[in-house]
Amino acid sequence: MNNTLKVSKYLFRDFKNALLIFYGIILAIAVLMAALFLNVISQESGNASFGGFGFSAFIFLFVSGLNCFKANFKFLQANNISRKRFYYANIITLLSISAFMALIDASMTKVLKLIMPYEDIVEQLYKNDLFFSSFIWSFALFTLAASAGWCITMLYYKCDKLMKTIISFAPVLLVILLVMLNNVTEGALGISIIKSLTVVLGFTNNNPYTAALSFLVATAGVLGLCYLLIRRIAIKD
Amino acid sequence: MLLNFSSEKPIYIQLAEALEDDILKGIFEEEAQVPSTTEISISFKINPATAGKGINLLVDEEILYKKRGVGMFVSSGAKEKILQKRKEVFYNNFILSLLEEASKLDIPKEEIISMIERGKGK
Amino acid sequence: MSIIEIRNVTKDYGNTKALSDISLTFEPNKIYGLLGRNGAGKTTLLNLMTNKIFPNQGNITIDGDIVLENDKALNNIFYMVEKNMYPENLKVKEIFRWTKEFYPLFDAEYANALAKKFELNVNKKVKSLSTGYTSIFKAIIALASNANIIIFDEPVLGLDANHRSMFYKEVISNYSENPKTIIISTHLIEEVETVLEEVIIIKEGKLIVKKPVEELLASAYMISGEASKVDEYLRGKNYIEEDVMGKFKSVTVMDNINHKNEALAKELNLDFSKAELQKLFISLTN
């Protein structure tokens, strides 16, 4: 375990600068927004509303996931660290960073709310402005973003050119297939997909925890896939 | 010390002979310390096991002896021992084959001696 | 003190057999040379030993533990890979620091002393190092790792003669101070010959020789002199690698040095000399 944490420590190193830059920009935008709002409100009635930063954090973590494998794997292999240890250390790292960013996101919402009519995604979607639900929902979504990025990058790493092309077109093919099936079933498929998504994402009863649970289950699935991918992965030039 | 890596002799034997040469030349006096196996292997880039083998050859012949924790030293009487040994080798390698060749060419003993004297006089 | 055992290891890449049924043991605390022509399977073997790739058959153990995904076993080995595996935007000294995290016995003081000796600037980023200095940088980490087993794959790539000599001396001094198993895979045989205790030669994925260098060298000798006389001496003998210069000829005879016919050579006015590992290697792998 001790050594796994050492590997995590190494993996965190990569994030430090990226996180600093990210939050530098976010902070600048937040300040700008607040300043703009304070100027605007003096002229007009205050019905302007601002969305959350959660989406940028989501993208950030997805890209981080995409970048967390190649160089780190090489370095850890140079140090004779097993794939298994890398796997667990990377999970620790991605989960901690997701938690950290979700915490910042939820806190920022609270602070911005004091200054202006600010609503984060959770509030917009679920009409729920509890700190804890916002945190849990973002955390679950962020871990899904990060692990999906990681999974995709390993999938590409493992495949040759042909397989890469196939994988790249797979989502497009899936969409076409779904549309076709939808036509065949005269729209029944589409409706049932939307229905089940509404349930899974907790929209039916405005419950963000249902969505968080779904995201976490999906994350676990993706991480399981990551395990299968990393198990026998070998360095490529 | 001089080692010739293209000589047909194994390196450890060359090393032992080179040390003997240096003792004969007085580079390493009796009771003086000689370079350690490590020093020798590093400066000649030879495997420490090989260097050790060469040194042990001389320890077995009591030309060198080991002082625990200090290093390798030339035994007293080492020079004499080496001389005796070399003389023996000289006799076996040169004198015997000289006599063999001489008998082939029918050179009598007196002539051989006078030839040696001629060579010495040069 | 770690013993590496390779048992019946086979590795295929698709249809090509990179290694076929290799069995060999690296005894503790010896300096080994792993020799073979390009593509013979040296790096494949080293990669298998360090869990970089996986064998199709057979297994590899360190002190009895199978190396597959086994961090405990793997931590006994430091493997200096031929390619650069380090993040290019890190500084040399930062990599020293991180290596210590994973190899707790890593001797930072020694690493810095070596850097000074080889004039490697530890404040430089890895990407700014030349080929030679990249080799030096990786070799320094390996030497300072204090692992029980250190593997060097082409350690002197891009080094000038002076640095190569310094490197070999450092290997010996490191080994003398702290005996360990050292495996050097290289094609520069001539200059590493005296450093090695044993050689392992691989040809087309098969183990063909594993012998102490001295023993291998004793299995052949060189003879040279006037061409026709050399030919006369060679009658009925197995020999390799002829060098002819005008009337002068020198060949390597594949026969134990104790079997050389000194009387005949004397009669024919021929000279003996030691066989060169390089030449033996070429003949064995051809």
Side-chain angles (χ1 to χ4, degrees), chain B residues 1-19 33-60 66 68-72 89-105, chain C residues 27 29-33 156 161 164-180 182 184 190-199 212-218 220-224 250 252-253 257-258 260 262-263 265-267 270-279:
Chain B
M1 225 183 296
L2 207 71
L3 296 184
N4 175 8
F5 290 136
S6 67
S7 151
E8 61 172 319
K9 287 179 186 159
I11 289 169
Y12 72 97
I13 291 179
Q14 283 189 55
L15 171 62
E17 287 179 352
L19 278 168
Q33 191 168 8
V34 296
S36 68
T37 309
T38 306
E39 286 171 302
I40 292 171
S41 40
I42 292 172
S43 58
F44 291 104
K45 285 181 273 178
I46 56 178
N47 187 284
T50 314
K53 216 165 148 184
I55 300 255
N56 281 338
L57 219 58
L58 298 182
V59 173
D60 289 346
K66 196 182 230 162
R68 287 229 163 268
V70 189
M72 257 337 148
V89 173
F90 177 74
Y91 176 79
N92 286 325
N93 286 2
F94 300 100
I95 303 301
L96 289 184
S97 55
L98 178 143
L99 292 176
E100 200 183 315
E101 186 72 8
S103 82
K104 263 193 236 166
L105 301 176
Chain C
E27 288 117 46
N29 303 351
K30 280 189 181 179
I31 304 181
Y32 287 93
V156 294
R164 289 206 297 273
S165 170
M166 279 167 71
F167 168 72
Y168 294 125
K169 284 184 177 183
E170 213 49 59
V171 167
I172 293 171
S173 109
N174 182 296
Y175 171 87
S176 302
E177 201 130 311
N178 237 320
K180 51 178 69 91
I182 293 177
I184 304 175
E190 215 165 326
E191 51 183 42
V192 81
E193 178 182 328
T194 56
V195 177
L196 309 175
E197 185 167 348
E198 276 200 42
V199 289
V213 179
E214 230 163 69
E215 205 178 295
L216 183 63
L217 290 176
Y221 58 90
M222 267 172 64
I223 190 149
S224 53
S250 99
T252 303
V253 181
I257 43 171
N258 296 324
K260 63 190 175 197
E262 301 207 36
K266 201 172 221 174
E267 204 182 301
L270 301 176
D271 293 316
F272 288 113
S273 54
K274 199 179 72 172
E276 287 165 34
L277 189 57
Q278 173 94 19
K279 286 186 174 165

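We use all heavy atoms of the structure for the numbers below, so side chains are in, but hydrogens, waters and symmetry mates are not. Every chain is numbered from 1, with letters handed out A, B, ... down the list of sequences.
The part of C:Glu214 that comes within reach of chain B is its side chain, from C-beta onward, which places non-hydrogen atoms under 4.5 angstrom from that chain. In this structure, chain B has a heavy atom under 4.5 Å from the side chain of C:Tyr175, while its backbone stays farther away. Interface remark: C:Leu196 contributes backbone atoms only to the contact with chain B (heavy atom separation under 4.5 Å). For B:Ile11, the part lying near chain C is the side chain, with the backbone staying farther off; criterion is any non-hydrogen pair under 4.5 Å.
For the pair C:Ile172/B:Ile42, a side-chain contact is recorded, criterion being any heavy-atom separation below 4.5 Å from C-beta on.
For C:Glu190, the CD atom sits in a loose shell: 12 or fewer heavy atoms of surrounding residues, nucleotides or ligands are nearer than 6.0 Å.
Ranked by non-hydrogen atom pairs under 4.5 Å with chain C, the options B:Ala49, B:Pro10, B:Pro48 are led by B:Pro48. Ranking B:Thr38, B:Thr50, B:Thr37 against chain C, the residue ahead of the rest is B:Thr38, based on heavy-atom pairs under 4.5 Å. For the set C:Met222, C:Glu276, C:Lys260, the count of heavy-atom pairs under 4.5 angstrom toward chain B peaks at C:Lys260. Between chain B and the options C:Glu177, C:Glu193, C:Lys169, the largest number of non-hydrogen pairs under 4.5 Å is found for C:Lys169.
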Requested in this report: Could you check B:Asn47 against C:Val195 for side-chain contact (heavy atoms from CB on, under 4.5 Å), going step by step and ending with a plain yes or no?
Outcome: CA-CA 4 Å; B:Asn47 187 284; C:Val195 177; 5.6 Å; no

Report task. In sequence, state the C-alpha distance, the side-chain angles, and the governing distance for C:Lys266 and B:Ser97, and then conclude on side-chain contact (heavy atoms from CB on, under 4.5 Å). Result -> CA-CA 11 Å; C:Lys266 201 172 221 174; B:Ser97 55; 4.1 Å; yes

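Rounded to the nearest 0.5 Å, atoms OG (C:Ser176) and CD (B:Glu39) are 10.5 Å apart.
Electrostatic pairing of B:Lys45 and C:Glu191 does not count as a salt bridge here, judged by no charged N lying under 4.0 Å from a carboxylate O.
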